[in-house]
Amino acid sequence: MAEVTHWADIVADEVSNKHEKNVVATGITPSGHIHIGNMREVVTADAVYKALNDNMHESTLIYLADNFDPLRKVYPFLPEHYSKYVGNPISEIPCPCGKCSNYAEHFVKPFLVSMEKLGIEPKVYRADELYKSGYYTEAIKDALVNKDKIAKILTETSGREPTDEWSPFNAICRACGKMTSTKVISFDVDKETVDYICECGFSGSVSMQGGGKLNWRVDWPARWKILGVTVEPFGKDHASRGGSYDTGKRIAKEIFNYEPPYPIVYEWIMLANKGAMSSSTGIVVSIDDMLKVVPPEVLRYLIIKTKPEKHINFDPSIPLLTLIDEYEKLKTMEIEKISTYNKRLLDLSKATGICHTDIPFKHMVTIYQVAHGDFEKILEILERVGYETDNRRCIQELITNVQNWLEMYAPPYAKFSVKETLPSKASNLNKVQRAFLCSLAKIISTKEELSGEQYHNLVYQAKEKESVVYKDIVQILNIHEDELAINPKDLFKAIYIATLGTDSGPKAGWFLSSLDRNFLISRFNEAAGDMCNEG
RNA sequence: GGGCCGGUAGCUUAGUCAGGCAGAGCGAUGGACUCUUAAUCCAUAGGCCGAGGGUUCAAAUCCCUUCCGGCCCGCCA
């Protein structure tokens, strides 16, 4: 088996053998901040969707926001008075910030933004709209009529015994608005209504069209049929024997007469030793937090290169940098040198609409620090160095990633700051180093702009007798040209000491070309001291 | 209690469905380039494929048992 096929292509291949058109579905309940595991779901789905399209198979990607589910409890981030909404559908209660149309939207909106950043463009459905507009009505009838059969499936498959009062349909009480405290007592298929009594004392009847919803284990298979779902990734929580996929599979076949979708079970993304955020509080990292440090394309790459059933250990410190390097190396490699598999990986990681800049992460780490984080200054440097600067939104995104990474995870060696005044360490510079800086200042002042590579060559070539720098130094020191021996290392060191006050620093070419040339001239002259005036 | 997924080089892993010499990247080591900040190029080392048993001419791969790690399940996703 020399040729290795990417998992997304394998899935695409299998499902396209079964169906002409495929619908790849994802579904998430927006009852709180949508977290990292959910993002794996959508990226996984998107990879399969893309694989299908790439292989010329018609397919659709959908995201269904389960916003008709009841609020389960007062979450830690909610004010106490939300206790009165527990049991109400989250599409029907107010948003915590007061600015969104309802509670669910508060969490759906940022999630949609995150998806956009990741280049994922699903057809978005909202459960409340589907229910209210009658999409579910036939399924509700089927479920109610076949209540006993469904109960039997649940018992046989999951080993649980539904009580006599159990119903696949939860009515929303017209008085108190809760769907968790009602009991279905009868229904009318012709009128499409359901009668219920509620713990609040109210009893009445609701329409099947928006008056309530199927409970999860029945809702899921119903939805497969309603939306024609043929592939769906879901977390391993649903994948256990007796779990909701198991029961859903049978309910789909036996009640709704629908072939269940191809399952893709995926593992969680774990946050490596970042105790405070995940383990101690039990609160999972939000997608937002993740996108704070990881460029979207790199995040896609991480998820897509890992088979869904493997854990992903996400470590935002050094390993993240390794990951970014790995990705950028692949991206810039000559096409013939990339293996077929890696090419595919790269393809699937890129996506239309995703922010791609040609600026390497590490280079931005340098530029950002040179510019002290000032956006305009960064743009100026980028232009000077010759990067594409049209796409400001993407550049801004990258800057934000770099900034957050520097603040939160960067190792000390990655950090530096250009000193406002000449570092005191500069007084230790030897004669050759001073003469070199003096020469460098002179050359910079006579040239227009120097590229990173030119700077680099300037330093490197200084050790050759024919070079301008070498001759300058000989002249300044007033010695014979054979008396001078230059080690480029000392010259690089001189540059870092004069600017940063440290022995080492970021890659010299990039670094110098990022700095303002007038600054360089005066700083190098200053560091060279009287050595220069005499010259 | 029941179940799911993983365990392959120091690390991250491919290969497991369909048995046929165990592959890659990073790291390490050596060398080249005497440009270096985790630079580039070349080379090398590194594996009882978690353990035990079984099936087979042949097992990382299939079957049984077992250990380790992660997780799920009480219809509330």
Side-chain angles (χ1 to χ4, degrees), chain A residues 1-7 10 14 27-29 31 37-38 66 69-73 86-87 150-151 153-155 157-163 166-168 170 179-180 214-220 234-248 251 263 265-270 272 302 305-315 318-319 321-327 329-330 333 339 341-342 345 362 365-366 411 413-414 416 452-453 455-464 486-493 495-496 500 502-511:
Chain A
M1 201 175 279
E3 218 37 34
V4 183
T5 315
H6 190 269
W7 58 262
I10 293 174
E14 279 184 34
I28 290 149
T29 306
S31 59
N38 306 130
D66 275 297
D69 289 10
L71 182 70
R72 290 214 266 137
K73 61 176 183 183
V86 172
I150 294 175
I153 291 172
L154 292 177
T155 308
T157 315
S158 72
R160 298 292 151 185
E161 201 102 19
T163 61
W166 180 83
S167 168
N170 296 322
M179 67 195 317
T180 47
L214 294 169
N215 61 37
W216 165 248
R217 289 201 181 225
V218 185
D219 180 301
W220 202 21
F234 48 89
K236 57 183 178 179
D237 46 338
H238 298 308
S240 295
R241 171 117 334 144
S244 45
Y245 183 73
D246 254 15
T247 52
I251 294 170
V265 180
Y266 62 86
E267 260 286 352
W268 307 133
I269 297 179
M270 331 271 263
L302 173 66
K305 80 168 195 153
T306 314
K307 288 193 302 185
E309 59 269 29
K310 287 263 191 188
H311 292 237
I312 291 181
N313 260 311
F314 178 71
D315 186 336
I318 321 283
L321 209 55
T322 309
L323 180 73
I324 292 173
D325 278 352
E326 182 183 314
Y327 177 73
K329 196 172 164 186
L330 256 188
M333 212 186 263
S339 69
Y341 181 79
N342 280 337
L345 208 53
K362 273 192 195 164
V365 168
T366 302
Y413 71 74
F416 66 86
E453 200 183 342
Y455 272 115
H456 194 92
N457 289 335
L458 212 53
V459 182
Y460 165 57
Q461 284 159 4
K463 68 177 170 30
E464 288 160 15
I486 287 180
N487 182 352
K489 252 195 174 85
D490 291 333
L491 304 187
F492 281 104
K493 211 167 150 182
I495 290 170
Y496 297 128
L500 309 175
T502 54
D503 286 353
S504 63
K507 215 169 189 167
W510 278 355
F511 177 57

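Quick note on labels: first sequence line is chain A, next is B, and so on, each numbered from 1. As the structure is a prediction and not an experimental result, all values here were calculated from the model.
A gap of 11 Å separates the C1' atoms of G23(B) and A9(B), to the nearest Å. Distance noted for atom C1' between G54(B) and C73(B): 33 Å (whole Å). A51(B) and A22(B) have their P atoms separated by 16 Å, given to the nearest Å. Taking atom P in both A60(B) and C49(B), the straight-line distance is 8 Å, to the nearest Å. Here, C48(B) and C63(B) have their P atoms 24 Å apart, quoted to the whole Å. For the C1' atom pair drawn from U16(B) and G50(B), the interatomic distance equals 16 Å after rounding to whole Å. On the C1' atoms, G27(B) is 13 Å away from A45(B), given to the nearest whole Å. Going from the P atom of G7(B) to that of U13(B) covers 9 Å, rounded to whole Å.
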Under-3.5 Å N/O pairs linking protein and nucleotides 23-26 of chain B:
| unit_1 | atom_1 | unit_2 | atom_2 | d |
| --- | --- | --- | --- | --- |
| C26(B) | OP1 | K329(A) | NZ | 2.8 |

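G505(A) comes within 4.0 angstrom of a base, heavy atoms only. Residue S504(A) is in base contact, counting any heavy-atom pair closer than 4.0 Å across all strands shown. D69(A) comes within contact range of at least one nucleobase, with a heavy-atom separation under 4.0 Å.
Which of U16(B), G7(B), G70(B) sits closest to the side chain of K307(A) comes down to U16(B). The side chain of E309(A) approaches G6(B) more closely than any other nucleotide in the set G6(B), A14(B), C73(B). With distances taken from any side-chain atom of W166(A) to the nucleotides G69(B), C71(B), C75(B), the minimum falls on C75(B). Which of G70(B), A38(B), C71(B) sits closest to the side chain of E267(A) comes down to G70(B).
Nucleotide A24(B) forms a Watson-Crick or G-U wobble pair with U12(B), both donor-acceptor distances falling under 3.5 Å. Across all strands shown, C73(B) is found opposite G1(B) as a Watson-Crick or G-U wobble partner, with both distances under 3.5 Å.
Qualifying ring pair (Phe, Tyr, Trp, His ring centres under 6.0 Å) partners for Y496(A), counting only residues two or more places apart in sequence or in other chains: none. Scored by the ring pair (Phe, Tyr, Trp, His ring centres under 6.0 Å) test, W510(A) finds H363(A) as partners (sequence neighbours excluded).
When the nearest nucleotides of RNA chain B are assigned to L321(A) and V265(A) by heavy-atom distance, the more 5′-ward of the two goes with V265(A).
The main-chain N or O of G243(A) is never found under 3.5 Å from a side-chain atom of S240(A) such that the two would form a donor-acceptor pair. The main-chain N or O of S167(A) is found under 3.5 Å from a side-chain atom of N215(A) such that the two form a donor-acceptor pair.
Under 3.5 Å, the side chain of R217(A) and the base of C75(B) form no donor-acceptor pair of N or O atoms. A donor and an acceptor atom sit less than 3.5 Å apart, one in the side chain of S240(A) and one in the base of C72(B).
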Q: For side chain to side chain donor-acceptor pair (under 3.5 Å), just list the numbers for R217(A) and S244(A), CA-CA rounded to whole Å, side-chain angles, deciding distance to a tenth of an Å, and then say yes or no.
A: CA-CA 6 Å; R217(A) 289 201 181 225; S244(A) 45; 5.4 Å; no
